[in-house]
2 protein chains.
Amino acid sequence: MPRTTLRSVAQAAGVHAATASRALNPETRHLVNADTARRVLKAAERLGYQPNPIARSLKTARSNTIGLVVPDLTNPLFPPIARGIEEVLEEAGYSVWIVNTDHDLAREQALVESLRSRQVDGLILCTAHLSHPLIEKMRDEGVKMVLANRRTDDPGVPSVTPDDAHGIDLAVRHLAGLGHRRIAHLAGPQSTSTALTRARTFRHVVRDLGLDDDGLVVECAQWSERAGAEAMNALLDSGTSVTGVTAGNDLIALGCYDALDERGLSCPDDVSIVGFNNIPLLDKLHPPLTTVAIPHHELGSEAARMLLDYIEEPDRQPRSVLLPVSLITRRSTSAPPQENG
Amino acid sequence: MPRTTLRSVAQAAGVHAATASRALNPETRHLVNADTARRVLKAAERLGYQPNPIARSLKTARSNTIGLVVPDLTNPLFPPIARGIEEVLEEAGYSVWIVNTDHDLAREQALVESLRSRQVDGLILCTAHLSHPLIEKMRDEGVKMVLANRRTDDPGVPSVTPDDAHGIDLAVRHLAGLGHRRIAHLAGPQSTSTALTRARTFRHVVRDLGLDDDGLVVECAQWSERAGAEAMNALLDSGTSVTGVTAGNDLIALGCYDALDERGLSCPDDVSIVGFNNIPLLDKLHPPLTTVAIPHHELGSEAARMLLDYIEEPDRQPRSVLLPVSLITRRSTSAPPQENG
DNA sequence: GTGTTAGACACAATCGTTTGCACAAGGAGC
DNA sequence: GCTCCTTGTGCAAACGATTGTGTCTAACAC
């Protein structure tokens, strides 16, 4: 049973397909006689007509679809962002197509290519690296896009990110306020804006507060629990004694839990830990993780609104929006252990 | 800069577009002279030709795309399933389009409609209810689809689900083995196969083992932490004293944690709890949650393979596959407290 | 020399829309 | 009665591919 086509609706209403097309489209409806339009609408209704978006896209080079590119859906950070995006875009009549790059640049390129060839009207990318040839190329080609969560170092691409600097500032001051003087930062991959900003700010704040400062920044290879554990192990192996850790994100903080566990050390009695992002379930951990909360949902919805703005008004200046963050204090942080001797 | 089209490739190679089309498609390449084919391939390469999938879909009524419909991406159960699906389908040359219904039937219908009108070659649905008019309608229309995680009660629709019955059997026997005799089940919404199977099996096993049996099954309105807490509170309020709980899934189990916390009760000292699904992070909870592990990734990959089978061979009998589950014992379960008096 | 056949390609229709343009009918203005 | 708009429709050409059918050439058998 073939779908009913525009032509059959037109036939049923006794008009030409072109007229039916105009009658069905609110934008062009004024071009046809009100009575005729009504007849067409009726016929369409009666036959259960659904326009064929493929044919429409072929003709109009639009699709009412936007692509959402995430590095890893299993990272609990992204689903809420995706929800925020969907909420705004579906309201505006767009469908959202989610693709997963698995942190793989080649896959990203292929998936983006696939999205673009399907005429998506815009892209939201959560995969940005500071230097990102694919994004630069698309900027040059005038592709409508917004970066979410991370940015490139090119201010020419609009972005919505959490206020990473303020977040780390809060985290370090929190630890310092509890009395910690030897604090390390387990940074995420420094090729990303989030990781770089957090690490840089960490160094500044440590200096500003006059804390012990001998480069206690360790870079993790991934934003993952395993990489966090490895980095924490490396830190502990190196003999540097730290009493506080600010992790690049929550998954890295979880890796710290693992590393401490393995050595029979306790959080927060031996080491206090602060995460970043406030993914779900942290409140039920042992111990509940103190973390910097970012507004996941707004990150998505803000990015979506911004994309809509650029679609409507392509010449608008690119903006970079920082979203406010806050510290959520739980039980993974406490005063540092007393030094013996 | 318009994309290079098939016609321009043909022109560059000095042939007709039809010939170029056949040369580019491996299936039809034998219809054209080997030399000509080489020339066309060269030209396509040189011009960076990318076929336009929209035009192709319009003509062929296929899209090399499949739709994945999930009820809630923020439920950590689904992302790993999605990954399993993507892995298999991308290997087979398909793109995966993920949509989120938010448990809303109207949204589901609209999204499925949108996917179908974009000519997806098949659907994988994680949203099935036992009675599901939309799915029945699609079955009648011969839509190629596979249900994952949940099934309808209609065996005519192929599905891949965890062995829910065996899972609950393991959970109850585990508690009984520890000495529990008053065990409750906090069931998920009984309109879903997973919830119904788990609840039914619970009743059977309780009877088989000769445990105290007075209908200790409470239904939760949602598969959520909050609904789990509400159900647990209702159970505790009702005065029934239970020492063990099997939750419909892990989120519901987390709700039990909340409810116990609120009353100053301890898990496992006062009540032992078993979850279902083994979502990430359970091992780091306080206490780490004993749960029934299901093979998320295989659930996805198996469903994807099955869908590919149906696409290749539409007349194949629908199969329902059960995937093996296993109990993961952690510290949320222990021997029941001694009765006083 | 005629007829047959296979191979290689071109032609043109098609998928279901949208949209610039032509055209007819009708009313207004002179 | 003539032009000049306006309004409402139809016509046909796109969009970029795929595919059934035709045509032409060369080779071969008889």
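Atoms considered below: every heavy atom in the structure, side chains included; atoms not considered: hydrogens, waters and symmetry mates.
Atom P of nucleotide D/dG10 and atom CD of A/Gln11 are separated by 12 Å, given to the nearest angstrom. Atom P of nucleotide C/dT19 and atom NE2 of A/His30 are separated by 12 Å, given to the nearest angstrom. Atom-to-atom, CG of A/Leu31 to P of D/dT6 comes out at 14 Å; the value is rounded to the nearest Å. The nearest whole Å value for the distance from the CD atom in A/Glu27 to the P atom in C/dG20 is 14 Å. The nearest whole Å value for the distance from the CG atom in A/Leu47 to the P atom in C/dG16 is 15 Å. Rounded to whole Å, the distance from CD on A/Gln119 to P on D/dG16 is 9 Å. Taking atom CD1 of residue B/Ile54 and atom C1' of nucleotide C/dT18, one finds them 14 Å apart after rounding to whole Å. As rounded to whole Å, 13 Å separates atom C1' of D/dA13 from atom CG of A/Leu58.
Partners of A/His132 by ring pair (Phe, Tyr, Trp, His ring centres under 6.0 Å), not counting sequence neighbours, listed by chain and number: A/His129. In this structure A/Glu87 satisfies the side chain to side chain donor-acceptor pair (under 3.5 Å) test together with A/His297, sequence neighbours excluded.
A donor-acceptor contact under 3.5 angstrom links the side chains of A/Asp72 and A/Thr74, judged on distance only. Between the side chains of B/Thr101 and B/Thr127, no donor-acceptor pair of N or O atoms lies under 3.5 Å.
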For residues 8-19 of chain B, which side-chain donor-acceptor pairs fall under 3.5 Å, sequence neighbours excluded?
| unit_1 | atom_1 | unit_2 | atom_2 | d |
| --- | --- | --- | --- | --- |
| B/Ser8 | OG | B/Thr5 | N | 3.2 |
| B/Ser8 | OG | B/Thr5 | O | 2.7 |
| B/His16 | ND1 | B/Ala18 | N | 3.0 |

Validation: residues 30-37 of chain B side-chain donor-acceptor distances under 3.5 Å, sequence neighbours left out:
| unit_1 | atom_1 | unit_2 | atom_2 | d |
| --- | --- | --- | --- | --- |
| B/His30 | ND1 | B/Glu27 | O | 3.3 |
| B/Asn33 | OD1 | B/Asp35 | N | 2.7 |
| B/Asp35 | OD1 | B/Arg38 | NH2 | 2.9 |

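When the side-chain nitrogen and oxygen atoms of A/Thr5 are compared with OP1 and OP2 of C/dT17, one or more of them lie within a distance under 4.0 Å. Under 4.0 angstrom from either OP1 or OP2 of C/dG16 there lies no side-chain N or O belonging to A/Arg7. A close approach under 4.0 Å does occur between a side-chain nitrogen or oxygen of B/Thr36 and OP1 or OP2 of C/dC9.
Of the candidates D/dT18, C/dT18, D/dT9, C/dT18 carries the atom nearest the A/Lys59 side chain, counting heavy atoms from C-beta on. Among the nucleotides C/dT17, C/dA8, D/dA17, the one closest to the side chain of B/Asn33 is C/dA8.
Contact of the A/Arg62 side chain with the A/Gln119 side chain is not registered, since no non-hydrogen atoms from C-beta on lie closer than 4.5 Å. A/Leu115 is listed as a side-chain neighbour of A/Leu123, based on a closest heavy-atom distance under 4.5 Å.
Near DNA chain C, meaning a heavy atom under 4.0 Å away, the residues from residues 15-23 of chain A are A/Ala18, A/Ser21, A/Arg22.
Residue contacts shown for B/Pro53 are absent, as no nucleic acid heavy atom lies under 4.0 Å away.
Residue B/Gln222 places its CD atom among 12 or fewer non-hydrogen atoms of other residues, nucleotides or ligands, all under 6.0 Å distant.
Relative to the axis of its first five pairs, the axis of the last five pairs of the helix from C/dG1-D/dC30 to C/dC30-D/dG1 sits at 60°, rounded to 10 degrees.
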